[in-house]
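The next block holds one structure in the form of structure tokens; read it before the comments.
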There are 2 protein chains.
Amino acid sequence: MSNVRDIAEAIGSPVAFTAKVLQQLARKGLISSMKGAKGGFYIEAKTLRHLNLCTIVNAIDGNGITENCMLGLRECSEKNPCPVHHQYKHIKAGIIKMLNESMVNNLTIDVEKKLSVLKN
Amino acid sequence: MSNVRDIAEAIGSPVAFTAKVLQQLARKGLISSMKGAKGGFYIEAKTLRHLNLCTIVNAIDGNGITENCMLGLRECSEKNPCPVHHQYKHIKAGIIKMLNESMVNNLTIDVEKKLSVLKN
DNA sequence: TATATAAAGGACAAATTCATCCTATTTAAC
DNA sequence: GTTAAATAGGATGAATTTGTCCTTTATATA
């Protein structure tokens, strides 16, 4: 259980802004929260086990990454492609694969070992 | 030689905004312009032969795509990586490769054949 | 040379994203 | 029960991106 101030400090992000993001995640059920003294945010063990970056990105930004055309066309598909549709679809697939395979519980390991950082 | 109105129409973008983008490209030398009656924008044959999307993206948006950390850290490198640095670097390399290999003169071929579209 | 046409560029306006502030609500502990 | 600590959420403000408008400058052509 961590409070907003500690989380904001740990990631080098403004407290109020961090709070809004955490609220969004809590509303979507990706994290849990408790009000009041000794309250804060935490992740259910069961949730954490399946939590990947794709779920988080979708919760905050929607599915734009997986849906949007690189050139911004509203209708861009295999049938009606923009000039870079066929090239970009592989990039997009790679991003989705990467986000799906990035499990939060794994990412934390390197952070704990100080092999990766959350702010600078 | 095409004027701003025709270009804006062809890509479904506001005329004034399109003009600003074209001006930026002209200042960087990626396209050429001529003022006055019968004026407009065009690309030198020699420039076109080597013009790829990477050059254009860099001219308009800077080198953020190739430089920026996925998580927004200012300092994110092999030595000091964010939690997804090692996963994202492959995506990033793919994007750069794709942009570098996308030659404008090739992309126009499919557009001319109506195999791809610039607006909808 | 006069006129019409088109880009150049500065100033401004709108929309979106990013971020803050304040009040209400909930909870722990005394 | 009172108090202190913490999230929830609405309203607001700042910054950035996106887009517009208007005047100036340059060019072709009659």
Side-chain angles (χ1 to χ4, degrees), chain A residues 1-44 47-48 56-74 76 82 118-120, chain B residues 1-44 47-48 51 56-65 67-74 76 82 118-120:
Chain A
M1 178 90 76
S2 311
N3 66 30
V4 175
R5 262 172 301 112
D6 292 348
I7 294 168
E9 160 66 21
I11 64 177
S13 172
V15 174
F17 183 68
T18 305
K20 290 302 188 194
V21 176
L22 290 169
Q23 277 175 38
Q24 289 184 70
L25 294 175
R27 275 195 293 264
K28 302 271 177 151
L30 307 191
I31 64 178
S32 305
S33 68
M34 261 193 41
K35 285 185 177 182
K38 304 282 174 182
F41 294 92
Y42 60 98
I43 309 183
E44 299 283 357
T47 306
L48 180 58
I56 296 175
V57 169
N58 279 323
I60 301 293
D61 293 330
N63 59 358
I65 292 181
T66 108
E67 296 287 312
N68 293 353
C69 167
M70 190 181 196
L71 300 189
L73 301 195
R74 278 160 314 194
C76 176
C82 79
L118 288 170
K119 73 162 176 174
N120 56 33
Chain B
M1 178 91 76
S2 310
N3 66 30
V4 176
R5 260 173 300 112
D6 291 349
I7 294 168
E9 159 66 21
I11 64 177
S13 173
V15 173
F17 183 67
T18 304
K20 290 302 187 196
V21 176
L22 291 169
Q23 276 175 38
Q24 287 183 72
L25 294 175
R27 275 195 292 264
K28 303 270 177 152
L30 306 191
I31 63 178
S32 306
S33 68
M34 261 193 40
K35 287 185 178 182
K38 305 282 175 182
F41 295 91
Y42 61 98
I43 310 183
E44 299 283 356
T47 306
L48 180 58
L51 188 60
I56 297 175
V57 169
N58 278 324
I60 301 294
D61 294 330
N63 60 357
I65 291 182
E67 296 287 312
N68 292 353
C69 167
M70 191 181 196
L71 301 188
L73 300 196
R74 277 159 315 192
C76 177
C82 80
L118 287 170
K119 72 162 176 175
N120 56 34

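Residue numbers start from 1 in every chain, and the chains themselves are labelled A, B, ... in the order their sequence lines are given, proteins ahead of strands. Heavy atoms only: backbone and side chains are in, while hydrogens, waters and symmetry mates are out.
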Practice task
Could you encode protein contacts along nucleotides 14-25 of chain D as a string, one character per nucleotide from 5' to 3', using B for base contact, S for sugar-phosphate-only contact and - for no contact, with a heavy-atom cut-off of under 4.0 Å?
Solution key: ----SBB----B
Practice task
Provide, to the nearest angstrom, the distance between the CG atom belonging to Leu22(A) and the P atom belonging to dA8(D).
Solution key: 8 Å
Exercise for the section: Round to the nearest Å and state the distance from Tyr42(A) atom OH to dA6(D) atom P. Expected result: 16 Å
Handout entry: Phe41(B) side chain reached by Ser2(B) side chain, heavy atoms, under 4.5 Å
Key = no
Exercise for the section: Report the distance from atom CG of Leu71(A) to atom CD1 of Ile11(B), rounding to the nearest 0.5 Å. Expected result: 10.0 Å
Problem - Nearest-0.5 Å distance that lies between atom CG in Leu118(B) and atom CG in Leu73(A) - result: 7.5 Å
Completion exercise
Here the pair of heavy atoms bringing Ala59(B) nearest to Gln24(B) is O-OE1, 4.5 Å
Practice task
Quickly work out the Asn3(B) CG to dT27(D) C1' distance and round it to whole Å.
Solution key: 14 Å
Problem - Option among Leu48(A), Leu22(A), Thr47(A) that satisfies the side-chain contact (heavy atoms from CB on, under 4.5 Å) test with Ile31(A) - result: Leu22(A)
Handout entry: Lys38(B), nearest nucleotide to its side chain (from dT5(C), dA8(C), dT29(D))
Key = dT29(D)
Practice task
Nearest 0.5 Å please: distance from the CD1 atom of Ile60(A) over to the CG atom of Leu30(A).
Solution key: 7.5 Å
Exercise for the section: Working to the nearest 0.5 Å, report the span between SG of Cys82(B) and NZ of Lys119(A). Expected result: 15.5 Å
Problem - Closest non-hydrogen atom pair, Asp6(B) against Asn3(B) - result: N-OD1, 2.9 Å
Set out, line by line, the N/O atom pairs under 3.5 Å between protein and nucleotides 13-16 of chain C.
none

Practice task
Go through residues 23-34 of chain A and report each residue with a non-hydrogen atom lying under 4.0 Å from DNA chain D, sorted by number.
Solution key: Gln23(A), Arg27(A), Ser33(A), Met34(A)
Exercise for the section: Measure the shortest side-chain to side-chain distance between Gln23(A) and Arg27(A) over non-hydrogen atoms and say whether it is less than 4.5 angstrom. Expected result: yes
Exercise for the section: Flag the pair Val15(A) / Thr18(A) as yes when at least one side-chain heavy-atom distance between them is below 4.5 Å, and no otherwise. Expected result: no
